[in-house]
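In each ligand, atom 1 is the first atom listed, and ligand 1 is the first ligand listed. For clarity, every value in this text was computed on a predicted model and none was experimentally measured. All values below come from the heavy atoms of this structure, side chains included, with hydrogens, waters and symmetry mates left out.
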Amino acid sequence: MTFDALGLSKKVLKAVEASGYTIPTPIQEQAIPHVLEHRDVLGIAQTGTGKTAGFVLPMLSLLEKGRARARMPRTLILEPTRELAAQVHENFIKYGQNHKLSVALLIGGVSFDEQNKILDRGADVLIATPGRLLDHFERGRLLMTGVEILVIDEADRMLDMGFIPDIERIVKLVPFTRQTLFFSATMPPEIDGLAKKFLQNPVSVEVSKPASASKTITQRAVAAPVDDWEKRAVLRKLIDEAQDLQNAIIFCNRKVDVANLWKSLDRHGYSAGALHGDMDQTSRTATLKAFKDGKIKLLVASDVAARGLDIPEVSHVFNFDVSVNAEDYVHRIGRTGRAGRKGAAFMIVTPVDQKGFEAIEQLIGETIEWDGETVEWDARAGRRGRGRAKDAKPARSTGRRSESRDGGSQREAAPKRDSERRDRTQEEPRRDARDSGRSRTRDRGNDRGSDRGQVDQVHSDKNHAFGGEEHVPAFLQR
Ligand code: AMP
């Protein structure tokens, strides 16, 4: 199958050709013709499957008819994080090179003035994080009654981040007659309920099991004491001894640990930068660019900041902490070994990480090999809580509590109250010079009625039908 057979416009095909892609990915092959037929689509796919082009390309074709009116965007794409929104924006620029469309990016951390100017001129495409979009709407800068196509991307991530009430509000502001494209990597019951509520007679396309780690990634577990100081020494040894290390993303569970680890690596002379939800947007963009350009070799990151980032060539992923959610592990290591390249993923495991470690092995359905000694589980700690038992005391207290943007104790992606939601992480980060993600480059180193008809199911040959209980991977049944 080639792109020509999908029904895309000439201008779009020319841009695809210029990008060097010749064969559509399974999600593109399955979704594009339906989007072009104005159908609602439920896409079960994660990043890395080419899903962005799966909606950007047909949207560009459909947008060729008609023009934008001031303050009334024609299409609206909702993304959970700024980085993902920026990535979608890049896709519109790349594939829309033969179009004269106005594309607006509404994300937190960027001045309202600039964004207002674009809205005033009229946007064909509006890409936004939910909080910033509602801010503009509440200020009367935006009308959503002209939206013809609504894309809700990374719906499960929106759920994790507490954005669902915002999404429900936005959907009520968009016309009933819209076309809706809804993407999610996983389909927990809440997301399934939303899909039924938002979509009208959708075509369902599903590609690749999100819980499977790419076969090109070598995964290793490395035993370490609980103490952070010793874990950092273990990490440095891993970095120093890693084979063919070009660059690496190092994941921590908490923002405060991202900042501490980055400072420590910096002090030890490594070329490192930091990426987490409390950093201002300028620092985040600059750090990410420096990493993509190879000016920073090591990127210390939190899950929220790094999820879905498309950085094609990452040779190594280090899990400084065993992830609290097993699914985060799969997303973390998926930053390496992309597009068929080889990748290596190391996970530092301490005696109190038994539950988290076992949950990961269970999810991926594989035994992770140990690099050197295996860890001796602390039986008292291992069976309580995921990842790290609350009352398992580290040998040396390093203030290991989670940190929210208002300085409280909270895991980065787990908002509980409505009032916290829009303040959180990706939307309006606290400016904190200490965690600014500076980098040194030394050479080492974000309603319609319910139950709308039946879902037509279209599936890739290689993939299982969604809905048949026996085919539903374990993580989808949670
Ligand atoms: P996404 O899942 O949208 O984050 O895309 C992941 C990566 O796949 C991006 O780097 C895209 O540029 C790339 N990509 C998208 N479509 C294709 C295609 N048809 N062939 C090869 N690579 C693609």
Side-chain angles (χ1 to χ4, degrees), residues 1-9 12-33 35-36 41-61 77-97 103 105 125 127 151-158 181-186 205-214 216-217 247 249 288-289 291-293 303 305-315 330-341 343 460 462-463:
M1 163 81 77
T2 59
F3 279 99
D4 299 358
L6 299 176
L8 292 161
S9 73
V12 171
L13 288 172
K14 224 174 123 192
V16 171
E17 203 186 321
S19 72
Y21 301 142
T22 48
I23 299 167
T25 65
I27 187 95
Q28 293 166 358
E29 189 179 319
Q30 294 173 63
I32 289 172
V35 180
L36 290 170
V41 172
L42 169 61
I44 303 158
Q46 62 176 138
T47 51
T49 55
K51 82 172 150 71
T52 316
F55 60 84
V56 171
L57 300 179
M59 282 176 76
L60 282 165
S61 288
I77 298 164
L78 296 172
E79 293 288 337
T81 69
R82 296 167 180 183
E83 276 78 13
L84 285 169
Q87 248 168 236
V88 173
H89 185 251
E90 276 168 24
N91 270 255
F92 270 98
I93 302 303
K94 176 171 157 189
Y95 300 119
Q97 55 184 264
V103 185
L105 182 63
V125 183
I127 306 154
V151 181
I152 301 170
D153 197 17
E154 301 265 325
D156 53 350
R157 198 64 188 163
M158 302 268 198
L181 313 175
F182 186 100
F183 294 92
S184 192
T186 59
V205 301
E206 183 184 4
V207 298
S208 82
K209 267 168 57 182
S212 57
S214 162
T216 60
I217 305 171
N247 58 1
I249 305 184
L288 203 53
K289 183 169 187 309
F291 185 68
K292 284 183 176 172
D293 293 349
D303 290 289
R307 173 122 171 192
L309 290 182
D310 182 30
I311 305 167
E313 293 184 49
V314 176
S315 72
V330 178
H331 287 281
R332 286 177 178 189
I333 70 167
R335 300 305 105 212
T336 183
R338 286 171 87 79
R341 292 185 184 94
S460 147
K462 290 179 218 124
N463 294 294

Could you list which atoms of ligand 1 come closer than 4.0 Å to a heavy atom of [X]?
X	value
Thr52	1 (P), 3 (O), 4 (O)
Thr49	2 (O)
Thr25	17 (C), 18 (C), 19 (N)
Phe3	19 (N)
Ile23	18 (C), 19 (N), 20 (N)

Legend entry - Within 6.0 angstrom of Gln97 CD, more than 12 heavy atoms from elsewhere: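 Buried by this count: over 12 neighbours within 6.0 Å.
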
Legend entry - Other residues, nucleotides, ligands: >12 heavy atoms within 6.0 Å of Lys289 NZ: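 Counting neighbours around NZ of Lys289, 12 or fewer heavy atoms of other residues, nucleotides or ligands fall under 6.0 Å, so no.
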
Inset, instruction - Kindly indicate whether the side chain of Lys51, heavy atoms from C-beta on, has any atom under 4.5 Å from the side chain of Val207. - result: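 Not touching, per the 4.5 Å side-chain cut-off.
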
Legend entry - Side-chain touch Phe3/Gln28, heavy atoms, less than 4.5 angstrom: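 Phe3 vs Gln28: side chains touch.
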
Inset, instruction - Compare Gly54, Gly50, Pro24 and give the one whose heavy atom is closest to atom 5 (O) of ligand 1. - result: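 Among Gly54, Gly50, Pro24, the closest heavy atom to atom 5 (O) of ligand 1 comes from Gly50.
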
Inset, instruction - Output, in order, the C-alpha distance, side-chain angles, deciding distance and verdict of side chain to side chain contact (heavy atoms under 4.5 Å, CB included) for Met59 and Val151. - result: CA-CA 10 Å; Met59 282 176 76; Val151 181; 3.7 Å; yes

Inset, instruction - Could you tell me if any non-hydrogen atom of Lys94 lies under 4.0 Å from any atom of ligand 1? - result: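 It does, in that a heavy atom of Lys94 comes within the 4.0 Å cut-off of ligand 1.
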
Legend entry - Mode of Gln28 contact toward ligand 1 - side chain, backbone, both, neither (heavy atoms, under 4.0 Å):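 Looking at Gln28 and ligand 1, just side chain atoms fall under 4.0 Å.
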
Inset, instruction - Please report the closest heavy-atom contact between Leu57 and Ile32, naming both atoms and the distance. - result: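 Scanning both residues completely, I find the closest heavy atoms to be CD1-CD1, 4.2 Å.
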
